[in-house]
Amino acid sequence: MANFSIAQPLSLPRHPTFSNPNQPTTNNERSRHTLSLIDRCADLRQLKQIHAQMVRTGLFNDHYSASKLFAIAALSPFASLDYACKVFDQIPQPNSFTWNTLIRAYASGPDPLRSICVFLDMVSESQCYPNTYTFPFLIKAAAEVSSLSLGQSLHGMAVKSSVGCDVFVANSLIHCYFSCGDLDSACKVFTTIQEKDVVSWNSMITGFVQKGSPDKALELFKKMESEEVKASHVTMVGVLSACAKLRNLEFGRQVCSYIEENGVKMNLTLANAMLDMYTKCGSIEDAKRLFDTMEVKDNVTWTTMLDGFAILEDYEAARDVLNSMPKKDIVAWNALISAYEQNGKPNEALLVFHELQLQKNIKLNQITLVSTLSACAQVGALELGRWIHSYIKKHGIRSNFYVTSALIHMYSKCGDLVKAREVFNTVEKRDVFVWSAMIGGLAMHGCGNDALDMFYKMQEANVKPNGVTFTNVFCACSHSGLVDEAESLFSKMESNYGIVPEDKHYACIVDVLGRSGYLEKAVKFIEAMPIPPSASVWGALLGACKIHANLNLAEMACTRLLELEPRNDGAHVLLSNIYAKSGKWESVSELRKHMRVTGLKKEPGCSSIEINGTIHEFLSGDNEHPMADKVYGKLNEVMERLKSSGYEPEMSQVLQLIDEEETKEQSLNLHSEKLAICYGLISTEAPKVIRVIKNLRVCGDCHSVAKLISQVYDREIIVRDRYRFHHFRNGQCSCNDFW
DNA sequence: TTAGGGTTAG
């Protein structure tokens with residue numbers, strides 16, 4: 001028996017809703033009056049007062065009255081599971097209704113599995129049998145925790161209890177099977193329901209939408225219509241969501257008219273679903289019109305609108321929406337951060353994150369941290385990344401697979417492979433994304449064999465690789481010259497792993513072959529492709545032609561690439577470099593003229609370095625930095641010192657696009673990575689590692705200079721270029737000059 | 001006598 005004490009003599013609540021001009025006189029009337037008060041309770045305090053009075057007057061001994069009180073304690077908006085349990089313990093011999101109510105309360109609580117324990121107590125301790133009310137709650141709990149085996153067991157029990165055909169039980173099972181990813185079982189249950197109701201259809205439609213088959217959801221909706229089942233507002237939410245996922249504006253608009261013509265009851269959720277459909281389908285005008293007419297808006301409304309602008313990369317409008325929100329929440333902030341981060345604007349994402357940190361009463365969640373870590377990875381903001389890592393530990397934020405993968409990715413891309421491995425090693429569970437992130441990290445640092453080991457360990461751990469895993473593995477092979485391994489794995493992708501190679505995988509293999517000098521083999525591989533080669537396939541071949549100075553093949557690859565992407569500046573620059581390397585200066589100038597006439601610009605080289613949490617960017621020949629004078633002063637000193645150690649500038653690296661007044665050597669010295677390294681030398685002390693991130697591939701001269709600086713100045717330098725990492729130490733680079 | 005299943009943003 002729980003310990004429940006009546007704290008004070010009951011005084012009927014003074015709350016105005018409780019005043020009753022006609023005081024009840026008889027016992028029956030008093031009971032009825034008390035029961036009506038239960039229904040009108042506004043908070044737990046009032047309920048407890050009624051409880052006390054019921055105990056005092058003996059009304060609590062009446063089973064019906066006690067269970068009414070209990071149901072409110074367990075399920076009302078102000079419910080308290082703790083208190084409800086105490087009330088439950090006071091009820092002698094609870095009946096099915098009371099047990100079911102307790103099961104229901106637990107099933108929708110924070111720990112749904114506890115409802116199963118209550119169910120087991122009910123079966124073992126009471127004379128009550130589970131009925132058509134019991135199973136939907138239990139099955140809901142199984143759905144909440146996505147436990148297929150539990151769902152299946154409950155399904156079996158329901159059948160044995162002769163309630164398997166009940167439409168409520170069947171509908172819960174459909175929902176549960178979808179949640180557990182067992183679409184076949186969900187469909188089987190659906191077909192066995194003899195008298196399907198609208199919820200049966202809704203469960204199927206919603207299930208298909210949520211499990212990535214919006215087309216099937218729409219098919220089902222059409223079938224539902226043909227069977228003349230009247231759609232509800234929940235049906236329409238599902239159907240609109242399917243349209244949004246399919247980006248089918250035309251059908252989406254028809255659905256909106258359907259809702260109006262068929263008198264489907266509108267509510268806020270449905271209006272939000274319409275708004276979402278318009279924004280996802282790219283019709284911001286429709287969205288704005290609807291948004292302006294909505295009298296009631298919640299945070300979903302605001303965030304959907306914000307996201308709509310973000311999709312169109314209208315960040316100013318998105319920002320306005322955030323500013324206008326009456327109560328900004330973390331989801332809205334996350335929407336803006338991830339919009340920037342996913343559209344290649346990581347610096348902007350970080351600025352928003354810093355602003356968010358200044359807000360009071362808004363707690364960062366996993367999504368905030370994952371998006372921000374990804375932005376850190378892009379710009380190489382290692383210090384902020386570390387801060388987020390310690391924030392996660394300090395605030396006990398539950399690390400899920402997304403967070404773990406994001407941390408591994410951040411540490412790897414910021415050049416701290418040791419820390420990336422540490423994160424990987426300390427987690428107990430790893431899914432395919434975690435493994436792939438680690439393989440990707442090893443790949444970009446040139447640890448090809450370690451990456452392959454990881455790939456095999458992953459399979460020993462019974463984790464199935466996906467397309468991303470293979471991309472990362474091939475990338476690792478490419479940077480380490482592991483041609484045979486890459487070819488062998490590629491040939492098994494479909495047969496052994498069931499993954500159909502995509503364009504990016506073909507591009508990887510061309511890269512593997514090409515880098516290692518097997519140019520003819522790479523061409524034959526392209527010719528045998530079952531899908532048309534994409535720009536990235538030709539780009540990989542072109543890159544290899546540059547390394548191995550194969551002019552004829554380069555011209556062919558570039559022509560094919562430019563047929564697909566006429567405005568690919570990288571291709572123009574690569575070809576120009578190859579011409580220059582072969583001394584074909586006429587061709588260089590023709591290409592340069594072509595670029596000028598067509599307004600095509602070479603992406604300027606840009607290198608960044610993080611000092612005390614601030615990212616400093618340097619463009620080629622940059623004078624914008626406040627300490628530019630000192631940087632150039634340091635650069636001169638460095639070059640003199642290196643020359644006296646025997647360094648000679650690699651003029652062959654000055655390949656193209658030099659303005660006439662510049663000398664070749666000056667041009668080399670203006671490279672952004674040299675400026676960033678020099679800034680690192682003057683802003684930090686040994687033995688701090690100098691970490692630089694460059695947007696393009698590092699040039700040969702800068703590579704030699706970095707090696708020499710690491711020796712002459714005894715500083716470790718880590719440079720991330722567009723393709724991989726270079727660790728310079730004692731005059732050597734981790735890439736073994738193979739990049 | 002009581003009640004239940006399906007709903008939108010990241």
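Labels below follow one simple rule: chain letters A, B, ... track the order of the sequence lines, proteins then strands, and each chain is numbered from 1. Because the structure is predicted, anything quoted here is derived from the model rather than measured.
Here the side chain of A:T132 is nearest to one of B:dT7, B:dG4, B:dA9, namely B:dG4. Side-chain proximity of A:V300 to B:dT2, B:dT8, B:dT7: nearest is B:dT8. You'll find that the side chain of A:N267 is closest to B:dT7, out of B:dT7, B:dG4, B:dG10. The side chain of A:R104 has B:dG4 as its nearest neighbour among B:dG4, B:dA9, B:dT7. Of the listed nucleotides (B:dT2, B:dT7, B:dG4), B:dG4 has the atom at the smallest distance from the side chain of A:F168. Nearest nucleotide to the side chain of A:Y133, out of B:dG4, B:dT7, B:dT2: B:dG4.
At the phosphate of B:dG10, neither OP1 nor OP2 sits under 4.0 Å from any side-chain N or O atom of A:Q342. Listed pair A:K280 / B:dG10 meets the phosphate criterion, a side-chain N or O lying under 4.0 Å from OP1 or OP2.
With hydrogens and angles left out, the side chain of A:N272 and the base of B:dA9 share no donor-acceptor pair within 3.5 Å. A donor and an acceptor atom never sit less than 3.5 Å apart when one is taken from the side chain of A:T206 and the other from the base of B:dT7. One donor-acceptor pair, N or O on each side, does fall under 3.5 Å between the base of B:dT2 and the side chain of A:N95.
Taking atom CG of A:L69 as the reference point, atom P of B:dT2 lies 18 Å away to the nearest angstrom. The nearest whole Å value for the distance from the CD atom in A:E341 to the C1' atom in B:dG10 is 12 Å. One can place CG of A:L290 at 13 Å from C1' of B:dT8, the figure rounded to the nearest angstrom. When the C1' atom of B:dT7 is taken as reference, atom CD of A:E144 falls 14 Å away, rounded to whole Å. B:dG10 atom P lies 8 Å from atom NZ of A:K245, rounded to whole Å. Taking atom NE2 of residue A:H233 and atom C1' of nucleotide B:dT8, one finds them 11 Å apart after rounding to whole Å. Going from atom CE of A:M305 over to atom C1' of B:dA9 covers 13 Å, rounded to whole Å. Per the geometry, CD1 belonging to A:I362 stands 18 Å off P belonging to B:dG10, to the nearest Å.
Across all strands, A:K196 comes closer than 4.0 Å to no nucleic acid atom at all (heavy-atom distances). When heavy atoms are screened at a 4.0 angstrom cut-off, A:S67 is found touching base atoms of the nucleic acid. No contact: A:F135 has no heavy atom under 4.0 Å from any strand. Among the heavy atoms of the strands lying under 4.0 Å from A:S203 are primed sugar atoms or P, OP1, OP2 only; no base atom is included. Base engagement by A:V167 is indicated by at least one non-hydrogen atom pair under 4.0 Å involving a base atom. Using a 4.0 Å heavy-atom cutoff across all strands shown, A:N365 reaches at least one base atom of the nucleic acid. In this structure, A:T301 reaches neither bases nor backbone, as no heavy-atom distance under 4.0 Å exists between it and the strands shown. Using a 4.0 Å heavy-atom distance criterion, A:N100 is classed as a base contact. Among the heavy atoms of the strands lying under 4.0 Å from A:D166 is at least one base atom, whether or not backbone atoms are also near.
Side-chain atoms of A:D298 and A:T301 form a donor-acceptor pair, as typed in the model, at a separation below 3.5 Å. In this model, no donor atom of one side chain and acceptor atom of the other lie less than 3.5 Å apart for A:S374 and A:S371. Donor-acceptor pairing under 3.5 Å is recorded for the side chains of A:S200 and A:D197. Remark: the A:N131 side chain and the A:T134 side chain contain an N/O donor-acceptor pair separated by less than 3.5 Å.
With centres under 5.5 Å and a plane angle under 30° as the test, the ring of A:F97 is not stacked against the base of B:dA3. Look at A:Y64 and the base of B:dT2; the rings do not stack under the cut-offs of 5.5 Å between centres and 30° between planes.
Contacts classified as ring pair (Phe, Tyr, Trp, His ring centres under 6.0 Å) and involving residues 242-294 of chain A (residues at least two apart or in different chains) are given here: A:F221-A:Y258, A:F291-A:W302.
You'll find the ring centres of A:W99 and A:F119 outside the 6.0 Å limit.
A salt bridge between A:R319 and A:E355 is present, with a side-chain N of the basic residue lying under 4.0 Å from a carboxylate O of the acidic one.
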